[in-house]
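Right, one structure below, let's go through it.
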Amino acid sequence: MIRKLLAAFAVLCAGAIVSAHAADKIDPAADLKAFQAYFKQQFPAVPLDDFVNGPYAVNKGMRAQWESIMQFPPYDFALDAGKTLFNTPFKNGKTYASCFPHKGVGIRQDYPQFDAKTGEVVTLELAINRCRAANGEASLNYETGPMDSIVAYMAETSRGKRFDIKVPKDPRALAAYQNGKQYFYSRRGQLNFSCASCHVTAAGKRMRGDILAPALGILASFPIYRSDWGSMGTVPRRFTSCNSQVRAVALKPDDKAYRDLEYFLTYMGNGLPVAGPGTRP
Amino acid sequence: MANTIRVRAVANGDSIEVQSLIQHPMDSGFVKDKKGNLIPPHYIEVVTFEHAGKVVFSAFWGPAVSKDPYLKFTFKGGKKGDPLKISWIDNEGQKDSLDGKIL
Amino acid sequence: MKPIAIAILIALAAATPALAAGEQDFTAAYAAAAKVEQQALAMQAAWTTTEKTLKDAKKAADAKDYDHATALARQAEALAKQSIRQAEEQKTAWRYAVIR
Amino acid sequence: MSEQMAAPRPVNAERRLILKSLTVVGITSFGLTGGSAWSAFADDAPTWPHDAFKQKSLDAALKALYGKGFEPSDKVALDVPEIAENGAVVPVAVTASLPGVTSVAILIPANPFTLAAYYKVPVGTDASVSCRLKMAKTSTVIAVAEAGGKLYGASKDVKVTLGGCGG
């Protein structure tokens, strides 16, 4: 009897060790499978591609208002401005097209990406500012202003293309991915919320009047015109405002932690279509 | 400076559906800026739509109309290619207009 | 909300000494709080609440209300310590939240 | 873009300056002038109903605008959300299926000023309009249409909740 119990205990211990080990192993593909399966199970009525529409995918009343707003979306002005900015030459005569594959058209789905040269994650916003630096131009604000217009235009030229974020076998890429994953699940701020508290556990529920968007595909519609802001904003702008909402001191918009988070979160939405620019409450 | 007015006027028979979006802060006068000072009211008061010299719709707005205001209405008697002029003026006397065409 | 309650208790306990606090008490309390908050900021674990409490402490000190200022500084230190503890806990605790 | 507010607008600077000094005059002689920029500068332009937009109750706003109250009618269809996703942008659509509608007005009694928008509908234009309005808090929204010298209306409640950790 005792022997049997001991044996069972040993099996349990072994199991615990195995699962602890599994938690340490960095396996983006397995994570993605589990992540998408979770949301499919939570929202069986929502088609996979519809997750890019955030709260509108899971709430009928909000969807009707959104459809009304999309008849003439308020990001139209930003889109026009972005097209002009994108095609306006720098002082040296070159344009943004010179910095990107396919002249920067239809490439949103490939960002953020791991840059093997520097060993870090490059978001589209960072790539745009690097492009400016390479051409002797000053950096743009990461969160709003001309940056969101340019990103809006670049997203629009990529609409419908499916996110295809790559996490290469490079240990630095895997570390960045894991870092983003840790950020996503870590509680922070005085309210003690993680990204996951709102957008996984409470996804689709009401929080102070708003419907929380599911984390799956949550970045696919960026940049967004947010009624709450009364203006456009990029992914980093949303991250800083999310941080403030849980009473955590926000990081610099181009902080490595945010870029890693965007890397992880966008990767989780691989296969979903680009839907930016978008509108949100 | 780009025009502040976007318009989409689509003919469906002789019925013309007009949608417009105007870039304007529509400050209500009740919102504070980052320093805690009230932003003074600044909003469009009148928008007029003219088709072939005739006013087909006019809007009179107060500060309760949303930022970057949207409007949709339908009038009869127009056709594809007809001119449609939109003009607005706000409470500070700023104004803009656009000569559009029915699609 | 438990951490907040604890923070308030600590702050209250700190604020209760019968003798009124002077400028020196405030300076010491503020320096101690700022030091812990610097650590929290470096860990990317800081709370906006702490930052605000520190600012309020400074304001109270500027108004020569050293009692209140010292109490606020101690409250800020408690908050900063909690934010660091949260971050330390989350270094491992985050794993339990992962979707599998 | 919040920057768009600072973006250059098609403004005649000189005119604006004159206008500002006029506004000052307007304030000192308060009650004598309407104070509307439009009426001050374009005599032939339609007049902004200054009085109606300053009223703080439904009755007062309707009285200032039309000089009368409305009777409820199912011929006035008001389309509003039950719960506004954000009080800053509430889509509102009004369609009056009555003959001879000359104007449509939308009123929100819980806002600081009751009258939100007023539309003149000439002959040949449908008595139907969609727009986006701000709502300070939960309120009844009232749409009225004037036809044949009478006022017809419909009302609906819109719940406005706080913005927060959403999107």
Side-chain angles (χ1 to χ4, degrees), chain B residues 1-5 14-21 23-31 34 39 41-49 51 54-78 87-97, chain D residues 1-2 4-5 7-12 15-16 18-20 22-23 35-42 45-50 52-54 88-91 93 103 105-108 111-136:
Chain B
M1 173 61 191
N3 198 290
T4 59
I5 304 170
D14 75 335
S15 200
I16 313 297
E17 187 192 77
V18 182
Q19 292 186 91
S20 70
L21 196 69
Q23 193 170 26
H24 197 284
M26 297 301 284
D27 292 317
S28 67
F30 298 102
V31 177
K34 277 181 191 156
I39 301 166
H42 182 203
Y43 53 89
I44 292 174
E45 289 189 338
V46 185
V47 192
T48 48
F49 295 79
H51 168 246
K54 179 190 169 250
V55 173
V56 289
F57 199 73
S58 36
F60 301 84
W61 285 342
V65 172
S66 302
K67 184 182 174 183
D68 296 342
Y70 165 81
L71 198 58
K72 179 165 97 173
F73 71 95
T74 304
F75 72 95
K76 296 210 166 52
S87 23
W88 61 260
I89 184 160
D90 68 21
N91 65 324
E92 291 183 2
Q94 299 176 25
K95 56 181 184 173
D96 197 9
S97 66
Chain D
M1 294 186 295
S2 53
Q4 71 191 202
M5 291 194 203
R9 287 203 215 88
V11 184
N12 181 329
R15 213 192 91 160
R16 195 172 173 185
I18 295 168
L19 193 87
K20 274 200 173 143
L22 271 182
T23 313
S36 163
W38 183 282
S39 53
F41 273 90
T47 321
W48 188 66
H50 183 263
F53 274 110
K54 289 283 170 266
V89 189
V90 183
S103 75
I106 303 164
L107 305 103
I108 305 170
N111 273 358
F113 299 114
T114 302
L115 179 61
Y118 169 61
Y119 300 101
K120 276 195 180 160
V121 183
V123 176
T125 296
D126 293 357
S128 175
V129 62
S130 302
C131 57
R132 298 167 190 163
L133 302 176
K134 287 179 235 173
M135 291 184 65

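Chain letters run A, B, ... following the sequence lines, proteins first, then strands; residues in each count from 1.
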Part of D:Ala88 lying under 4.5 Å from any heavy atom of chain B: backbone
Heavy-atom nearest pair, B:Gly62 first then D:Phe53, reads N-CE2, 3.2 Å
For B:Phe49, is it the side chain, the backbone, both or neither that has a heavy atom under 4.5 Å from a heavy atom of chain D? neither
Identify which part of D:Phe113 has an atom lying under 4.5 Å from any heavy atom of chain B, answering side chain, backbone, both or neither. side chain
Using every non-hydrogen atom in the two residues, find where B:Thr74 and D:Thr125 come nearest and quote the distance to one decimal. O-CG2, 3.3 Å
Side chain, backbone, both or neither: which part of B:Leu21 has an atom under 4.5 Å from a heavy atom of chain D? side chain
Shorter than 4.5 Å, heavy atoms on both sides: which option in D:Pro112, D:Pro91, D:Ser128, D:Pro49 has the most such pairs with chain B? D:Pro112
Are any non-hydrogen side-chain atoms of B:Lys54 and D:Val123 less than 4.5 angstrom apart? no
Between B:Tyr43 and D:Trp48, how do the two ring planes meet: parallel, tilted or perpendicular, split at 30° and 60°? tilted
I need the minimum non-hydrogen distance between B:Val65 and D:Ala116, along with the two atoms involved. CG2-O, 3.7 Å
Winner by heavy-atom pair count (cut-off under 4.5 Å) against chain D, out of B:Lys76, B:Met26, B:Lys72: B:Lys72
Between B:Ala64 and D:Asn111, which heavy-atom pair has the shortest distance, and what is it? CB-ND2, 3.7 Å
Distance-minimising heavy-atom pair for D:Lys120 and B:Phe60: CG-CE1, 3.7 Å
Work out which heavy atom in D:Lys134 is nearest to a heavy atom in B:Lys67; give both atom names and the distance. CE-N, 4.2 Å
